[in-house]
S.K.: 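Take a look at the following structure, please.
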Amino acid sequence: MSKSRILVIGVGAFIGLIVFAFVARQTLVVFDHAYRTPVEADHPDRTPAMQGEADSRAAQAEKQRKQPLAEHGVPLKDVEYRAFPGVGSRVAIWSVAQLHLLFAAFVLAVPIFALIIELIGYFTGDKRYDRLAHEFTKLLSVSFSLTATLGAGLTFMLIILYPRFTQYLMHVFSPTFLPYVLLFFLESGFLYAYYYGWGKFPPVAHLTLGIALNVVGTGIMVIANSWLTFMMSPSGVSESGALISTWQAVDNYTWMPINVHRFIANVAFGGSIAAAYAAFKFLHATSDEERAHYDWMGYIGNFVAIIAFLPLPFAGYWLAKEIYAYSQTMGLTMMGGAFSWLFIIQAVLIGCLFIGANLYLWLGMGRIEGAQRYKGYIKYLLFVIAVCFAVWATPRSPITTPVEVREMGGSFHPVLGKLGVMSAKNTAVNLLILTTYLSFLIYRRSGITPTVSWARRGKALQLLTFIASAGVVISLGVLGYFVPTTVRIGLSVPQVISVLAALVVVTAIDILMFRGAETVGETRWGQMPAISQYILIFIAVTFTWLMGLMGYVRSGLRQHWHVYGVIRDTSPDAFTPTLGFATKVVSVNVLLFFILIALVFWLSGLSSKKDWRARGTDAS
Amino acid sequence: MKNAAWKWIVLVAPFVMLLPEPAAAAELELGTDAQQKAGKVVYERYCSQCHGTEGDGKGYAASHLRPRPRDFTSGKFKIRTTPSGALPTDDDLRRVIRDGMPYTTMIGWPNLSDQDVTNVIYYIKTFTKDFKNRDYYAQPIAIPEPPPHDADSAKKGREVYLQMECHRCHGDQGRADGASAPSLVNDAGEPILPADLTKRWTFRGGPARRDIYRTFSTGLNGTPMPSYADSLTDTQRWQLVDYVYSLGAADTPNYAERVVSRSIADDLDMTKGEALFDGAEGAFLPLFGQIVEPGRAFHPNATGIEVKAVHNREHIAFLLRWNDMRADRTGENSPALEAPETTETVEEAASQASSTEESDPFADAVEPEVAGDATDDFFSDDGSAETASGGEAGFSDAVAVQFPAALPDGIRLPYFIFGDPDNPVDIWFADLAKPAPQRFVGRGSRSVAPGNPDGLEMTASYDAGVWSVIFKRKRRQEDAMAIEGGQWYPVAFSVWDGLSGDRGNKRALTRWYYIYVEPAETVGPLRPMAKAAVATFGIEIVLIALIRRKHKNGVSIPPTNP
Amino acid sequence: MNIVVLVLGATAFYTIVGQLVPQKEVPAPEVIEISKDVTTEEMVEIGKGIAQGKGTCLTCHTIGQSGSLRFPDLDGIGTRAATRIPGMSAVDYLAQSLYEPNAYVVEGFNPGMPVINKPPIQLTDDEILAVIAFLQSLGGTPSVTMETKLSINGGAGGDSTATATAALVQEAASLDGKALFERYGCARCHATTLPGKRLDRAEVLASILSPDSITTLAGAEQAKKRQAMEQSGVYDKATLQEIDRIVDYLMEQKAKE
Amino acid sequence: MNLLVVLPILVALGALRLLKAGLLAWMIALWMAIYLTLRYGFAVPIPASVITLYMGITTMALATYVLSSRERFASCSRPLIALVVERRLRTLLIVVVLGLPLLVAARIYTNMSQPLQPPSFARTVHPAPPSEPITVRGQTFDLNAVENPFRNLEKSDPSQFRVHVENGRRVYYQNCVYCHGDNVQGDGLFAHGVNPIPTNFRDSGTIAMLQEGFLFWRIAKGGPGMPGEGGPWESAMPAWENFLTVDEMWDVILFLYDHTGQRPREVEEHAK
C-alpha cells in the first residue's frame, strides 16, 4: 500500500469517527427529546427605549393639543429640544458627528502621513516616496470639502435639535470660535497650496508648507477637542454651569489625553485608509508596474498604521486614568457598569486587528526570497496571539444559563474567572504587542542578513530583551492576583514600561545590526496574493468600526447628561441604549463612511483618467 | 414480657420442629468478647444517640422520632427473612444497618466497615437474652423468584386484600386511611401508622415485589402487621403483592423540580373537578416538617403533595392532592394560630444549660417520658390527648398555596416560611372545615394577618384517603401579583393535618418551587428548522456553483510557486 | 464586488458580535418624590432603590462580599458606622460619608467617592436621608425619619438643627398620657377604665410592651390580639417615655375609681 | 481538567502527527480537538457563550494559518475543490450537501426543545461573615476574633471537654439530625425536601475549612441571617439562637469536629 493510501485511511478514520459520534449523538438527542415549547416571554418588559417612544408620542400629542397657542411661534429660549423625523435626534446627531469625525481624522492624518513620506523621500532621494506622498494628497481636497460640509451640517443640526445645550456651549466657548474659523481658513490655504504646489516650490519650501499645514490642522483638532472633552469632564464652570474661566474649560481633565489619543489614532487610521486605497488600486491594476507600486504603497500605509497602533493602548490607559481621576463614577460606569461588555467587543476588534496585521506581514514574507527560513515560526507566533486574544476577550462573568450556573457553582467559572480580571488582560495585551513586534522584526530581516561582526550576539541580546520583557509582563500579571487592589492597579505601569523599553532597545539594536546588511533575497513588489489586499481592506474596516465604537463609549459615558454634571439630558433619548443598538448604528455609520470614501477615491481617480476627447479620438 | 415470650415459643415451635437446624443458628453466633467490645465502641459512637446506651431505644433523639428507634431489649425486629416471631438472621440485621429504613431517621450506614457492622450486630445481640436461646432462631423463609406480574393477578389480589381485611388499616385504596388506622399501637403500646401502599418508596423493608412478599410471609414483629405465611397460599401472597404493587406508580417518588401550568382555551369550570386538569403535568413535591421556626412539626403525616395547574386568559387554577388518614372537617385552622412550643424552646434550653453548668450534663435533660407511656401519642408532640383525637375541640385539615406578594425584583425571594417583614407573601388558605377559602398576608411565621379573600375560589373533596382541593383566582388582580404567561413564579405549599393537631407553624411544607405559566401561543420548531436548512442548502449550492465555474476544466490547482 | 462583500461582511460580523453581549438599556434616573410622612421602613425601601439605581452606590460598593475589594463593603455598615469616628453618631458618620466622602476614608482604601449631593449623581437631601435609612438597615436598625436634621449636609440648614430638635421634644412633652392614649389609637379597642382595675403598674406596662406576657387568652385568640397590637403601629411610633406616660394615665384612671 | 477526555485527544493528535496528515485534516482535527477539550475537558463545564467566543477565535486563528502562505492555502483548498468538481466524488458530495442542512436543522431542534428549567441562582457556598460583631442572645461576638470558649478544655481538662462534646452530641441528635442526618452527612430525613441541601460535615470541604466562629455564626443566625451575597436564601437552616443557648451552640460545634475527626481552621492573627 502506498503511503498516501495509509494517510487517507488513517486521517479519514479519525475524522470519520468524530463525525460519526457527532451525528449519532445529534440523532439520539433528536429522537430522545419530545419537543418542548421553548421558554419565551409573551410580554416584553417595558424597556427605556419603549418608554422613550411613548414619552415622545405623549409630547407630540401634547404639542398638538397646544397647537393654537404655538401658532404665533415659540421663543427660542423656551425650546429645549426638537425632534428629528424618523430616526430621532440622537441617532441623527450621532451619525453626522461620527461621519464628520471620521473624515476629519482622515483629513488630518493624510497631511501628517504625506509629510512623513515626503521627508523620507527628501532625505533618501527615493523618488517613489515623493510620488506616493503626492498621490495621498490627491485624496485630500475632496475629503476636506466633505469634512467641512459634514461639520456645517453637524453645527446646524445641533442648533436646531438641541438649542438650549448648543446655546450653553456657545456661551462657554465663544472666545474659541474666531481662532477656529481663522485656523480653518489657513488650513484650506495651506492645503491647496501644498497640493497644487507639488513640484512647483523648492523642496524645502514645500516641506515647510507641509509642516505649517499639519500644525494648523492639529490646532483645529485641539480646539474642537476642547468642546467635546468639556462635555465629558467640564471644568472652569461653577456648579450651576456659570463660566468662570474659558481657559480652564478648554484645559479640562480629558483634553490632553484626547488630543494625544486622537493624534496617534488619526495617523493609524489615515495609514489604514491609505493602505485600503492602495489595495483597491492593486486589485484593479492592469500592469505589473502598477501592481508593484500599489503593493508597496499598501505596505507603507499598513506599516505606518501598525506602528502608530502599537502605542495606542498606552494612550488609552492615560485617557482612562484621567477619566477615573475626574470622576470615579464615570470611570466605573465605563469599566464596570453599563459599558463593561463593550470592552469585550473592543477586545474582539483589536484581536482581529492584530491577527490581520500579522497575517499581512506573514503573507508579505511570501514576496521576499529567502523568507522560507522563518516560516516555521509563524505557528508559534499565531499560537501566542490566539491565546492572548482569547484571554483578553474572556468575560469576567460570562453569559450563562441557569443550568450552567448550577454546574459552575456560581457566576464565576473557577478557571476562566481568573482570566477575566485586569491582571490577565493587561498581560495579554502587552504580550500581543510584543508578539506583533516580533512578527515585524522577522519580516524585516527575512530578505537580509546582517554583516556586522557582533550579529550573533546582537540577535541573542534581542531575544533576551524579548524574553526579559515577556517575563516581567507575565510575572507582574501573576503577582497581580496576590496583592491588594491599590497595588494591583499600579502594576500596569511597569508592565507597559517594560514593553516600551523592550521595543526601543530591540529597535535600536536592529537598526545598528542591519546597517549595511547583505541582501539575500530581493523583495518582489507586486507578487502578493490578492488575499493580502483584502486583509488591508478588512483592517481599514475594523479600524473605522473601532473608532466608531470607541467614539460611542466616550460620548455615551455621559449617560443622561449633555454636559456631565452640569446640563441634564431631559429629552426622551436620555437613556443609554443597548450595546446591540449602538453597534447597529456604528455599522451603518461605517458603511456610510465607506460609501463616501469610495466616492472620494473615484473623484480623485478622475484626474488621472484620460481626457474624454482624447479617448474619443482614440476610438475613432 | 413473660407472656410474650411464651407466645413466641408457641409460634416458633412448629418451625423449630419442622425445619432442620440451620448450621449458622446452631453455632449461636454471638461473637467473641473482643468483638462485642469492639461493637460496643461503634455502637456508642454511631447508634446510641437514638437507640440508647442500654439499647432500649431511648437515646437523645428518641423523643421526636416517629417511628421510635428500635428497642433492642425487646428482641423484636421488624424486617426479617425469618418466620413471624423469630429472631432475624445476621444478614437481616446487616441489611437494615447498611441500607437503613426509608423515611425514618435510620438512613443507613454504608460507610461502616464490614467488620464494624458485624461487631455491632454482636453487640446488639447482647441487649436481649433471646439471642442466647436457640429456640428463637429459625430458618429463613425462602423467597422465590417473583412470578410474572400481570393485571389479572393484581385483580385477584384485590379480592385477597378485601378478604384479609387489609383495608381496615391500610384503607380501601391503600392510602393508609383505614378506619382503625389512627388507633393502631405496637406491642409496646406506642402508636404506629399503617404503611401508605400508594407510596412504595416509604416501605421500611424496601419497595421491590420480593420485599413486599417477604413482609407478607414474615410479618413485622412487634407491630399489628401479621404474617400471612399460614393463612395465604404462595400464589395468593403473590397476588396480594401484585395488588399492592399496582397501587403505587413507581419505586421512587420522582419528585418534581417545577410545576407547569397548562394553557387552555375553555372556561375554568370548578364543577368539573379534577377533570379540569386533564392533560396538565402533575408535579409531586416532597413535604417536610416545619422544624425551622418555633412550633415545630417533627413527623408530619403527609410526605408529599401532587400539584397540577391550568390557566386560561383570565384565571388560573390549582389542583392539590395529598393523602390524609382521616378527613378532619370540624374545628378550625389557620396559619396565624399559635402552635405549641416544643421542648427545645429558648426558655427550656436556657434552664437546661444552666443545669448543665452546675450538674452532670448526662443527666436526662430530655423529656422524661417513657416509651409505652399511655400519654404518648404519635400525632402530637405536646402530649395532650385532646389534640390527638381531633374533633370538635381540635383542628381541621387545611392546605395553603404561597406566592410572593409581589414579584421579587432581585433574586432574593421572601423567606420560605410565611415570608419576612420586607418581603411579604400571599397565602391562599383552605380551612377544610369551612366552605370558603381565606387569604393571609405573611410577614414572617409569627406575623400572619388575614387578607382580602375576594376573587379566590375553592372546592374540596375527600375520597378514599385523598384530599383534592382546587383553588382558582384571576390572573391579574389588583391586590396580588399578576401571573403572566411565559414566566416563572415562585410558589410553595403547606399542609396541616388536623389529626396531628397541626396549626399555625406546626405543619408539613415545601420549599419554594417554581411554576411556569405556559404562554397562550407557542412557536413550533418546524419553521425555524426548515428556514435554517434551506438557507444552508442555498449557501452550499452557491458555493459549489462558484467553485465549479472557476474550475470548469477539472481540478486546476493554484500554483504552489508563483 | 468582492470588496463590497468584504466590507459588508466585516461590519455584519462586528454587529453580530455586538448583539451577542448582554443587552441592557440604562434608563435616565427619575426624580423620586419622597413625602414627609413616610415611615422609616418605607425610607429603607426607597433608599435601597436609590442605592441600586440613581445613586449608583452599588456600582462600586458591594454588600456582603469579602476578598480584595476596591471599595468598602457595606454589609453591617449600620452598626459599624457608629464606631468609625469616635464621638460621631452613626447617622452623622453616614451623612458625612455621603456629603463629604473624603473627610474620612476607611483604612486600606483609596479616596475617590463622589460627593453624593453634587452632580452627576446629585441626590436631594431627602433622598440622602432615605439612603442613610437603608445603610442603617444593613446590620443595624434604622433610626432616621424624614424629619431628622443632619448636622452635616453640605452646609445647608446647620443652625436650624438645635431649634428643630427642641421643638420636637417640646411637642412630645406637651402631650399628656390621655392625649397620647388617643393619638396612638388605643381607644379604638380599649376602654380606659378596664386594665387599672385588675393589674398593677408593672403589669400594665408589661402587657403593652409584651402583649403575650399577661393574658387570659390562648391559641388563636391570643395571637389575634397580639397581632392587633403589633399592627396598630404603636411600637413604631411611641417612645418608651410616651408609653410610660400612657401607663401613668391609665393608673390615674384606676386611682379615680 | 478531565483526563479521560484530554488524553484521547492528545493521542489522536499524536497519531495524526505520525501519519503525517495533510494540512486540511490537521485544521479540522485541531478545531475539533479544541472544541472537545473546551466542551468536555473541564471538570467544571465552561458556559456555552464562552465556548462560542473561543471557537470563534480558534476558527479565526486556524483560518489565518491556512491563509498565511500560498502553499498552505493550496494544500487546504485542493481536496475541497476536488470534492466539488471531481466526478468520482459525486456521491460524497451529495451526502455532504444534503447532510449539512439536516445537521443544522437537528441542531435548531435540540436548541429549541431544551427542557424547561426553573430559574436558579448562583450559590455562595461559604459567604463571608459580617465584619462587625453579631449579637446572639444578648451577647456580642466579633466573628473575626471569636474562639470556642470550650476549645481550650481539650488540653487543660479533657474530661470536662468530653462532657461538652457529649452535650453537643445530645444537641445535635435532638435538633440537627432531621436534616443533617444521623451520620452527619447532610442526608437526614427531611434533606430531600430542602434546597440548598444540608451541609455534609464529613466532606473535608466544609467544616475543616472554616473557623469555629463561622460555624457559630451560621448556626446562630441560620438561613434568615444569610448576608446579601450569600444566596440563595431559601436555606432551611433555622436561626438556632431561637432554640439553643450560646453554650449549646459551642458544644455542638465541638461535637461536629470531634465526631468527624476534623480540626477547625485556626483564627488568623491580624497583622497590625
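In what follows, chains are A, B, ... by sequence order, proteins preceding strands, each numbered from 1.
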S.K.: Could you tell me the separation between the CD1 atom of D:I57 and the CD1 atom of A:I385, rounded to the nearest 0.5 Å?
M.R.: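 Rounded to the nearest 0.5 Å, the CD1-CD1 separation comes to 12.5 Å.
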S.K.: Quick check on A:L419 against chain D: is it the side chain, the backbone, both or neither that has a heavy atom closer than 4.5 Å?
M.R.: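 Only the side chain of A:L419 comes within 4.5 Å of chain D.
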S.K.: Please list, in residue-number order, every residue in residues 345-359 of chain A that has a heavy atom less than 4.5 Å from any heavy atom of chain D; write 'none' if there are none.
M.R.: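 Heavy-atom contacts from residues 345-359 of chain A to chain D are A:V348, A:C352, A:I355, A:L359.
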S.K.: Using the side-chain contact (heavy atoms from CB on, under 4.5 Å) criterion, which residues pair with D:C179? Sequence neighbours excluded.
M.R.: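 Applying side-chain contact (heavy atoms from CB on, under 4.5 Å) to D:C179 gives B:I291, D:F190, D:P198.
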S.K.: Just by distance, with hydrogens left out, do A:W545 and A:S587 show a side-chain donor and acceptor under 3.5 Å apart?
M.R.: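 The answer is yes; a qualifying pair exists.
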S.K.: Between A:I442 and A:L381, which heavy-atom pair has the shortest distance, and what is it?
M.R.: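 So the two residues come closest at CD1-CD1, 4.0 Å.
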S.K.: Please classify the contact between D:Y54 and chain A as side chain, backbone, both or neither, with a heavy-atom cut-off of under 4.5 Å.
M.R.: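 Just the side chain, heavy atoms under 4.5 Å.
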S.K.: Check whether D:H180 reaches the backbone of D:G188 with its side chain - one donor and one acceptor, N or O, closer than 3.5 Å.
M.R.: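 No, D:H180 side chain to D:G188 backbone: no donor-acceptor pair under 3.5 Å.
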S.K.: Under 4.5 Å from any heavy atom of chain A, what part of D:L67 do you find: side chain, backbone, both or neither?
M.R.: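 Both backbone and side chain.
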S.K.: Just wondering, are more than 12 heavy atoms of other shown residues or ligands nearer than 6.0 Å to CZ in D:R17?
M.R.: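 Incorrect, the count does not exceed 12.
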S.K.: Tell me whether the count of non-hydrogen atoms from other residues, nucleotides or ligands lying under 6.0 Å of OH in D:Y40 goes above 12.
M.R.: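 Yes, OH of D:Y40 has more than 12 neighbouring heavy atoms, counting only those of other groups under 6.0 Å.
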S.K.: From D:M27 CE over to D:S75 OG, what is the distance, rounded to the nearest 0.5 angstrom?
M.R.: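 Spacing of CE (D:M27) from OG (D:S75) equals 8.5 Å.
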S.K.: So, D:W31 and D:T58: side-chain donor and acceptor under 3.5 Å apart, yes or no?
M.R.: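 No, because no side-chain N or O of D:W31 sits under 3.5 Å from a partner of the opposite role on D:T58.
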S.K.: Taking non-hydrogen atoms and a cut-off under 4.5 angstrom, which of residues 529-540 of chain A neighbour chain D?
M.R.: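 If one takes a 4.5 Å heavy-atom cut-off, the residues of residues 529-540 of chain A near chain D are A:P529, A:I531.
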S.K.: Does any N or O in the side chain of D:S235 come within less than 3.5 Å of the main-chain N or O of D:M237, such that one atom is a donor and the other an acceptor?
M.R.: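 Yes.
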S.K.: D:D187 and D:G181: which non-hydrogen atoms are nearest, and at how many Å?
M.R.: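 Scanning both residues, the minimum pair turns out to be OD1-CA, 3.9 Å.
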S.K.: I'd like to know if the side chain of A:K375 and the backbone of A:W362 have a donor-acceptor N/O pair within less than 3.5 Å.
M.R.: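 No; judged by distance alone, with no hydrogens or angles, the pair does not exist.
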S.K.: Out of A:Y299, A:Y374, A:Y377, which residue meets the ring-ring contact (aromatic ring centres under 6.0 Å, His included) rule with A:Y443?
M.R.: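 Answer after filtering A:Y299, A:Y374, A:Y377: A:Y299.
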S.K.: Classify the ring geometry of A:F440 against A:Y437: parallel below 30°, tilted from 30° to 60°, perpendicular beyond 60°.
M.R.: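 Correct class here is tilted.
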S.K.: Output the residues of residues 96-105 of chain D for which the shortest heavy-atom distance to chain A is under 4.5 Å, in residue-number order; output 'none' if no such residue exists.
M.R.: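 So the qualifying residues are D:L103.
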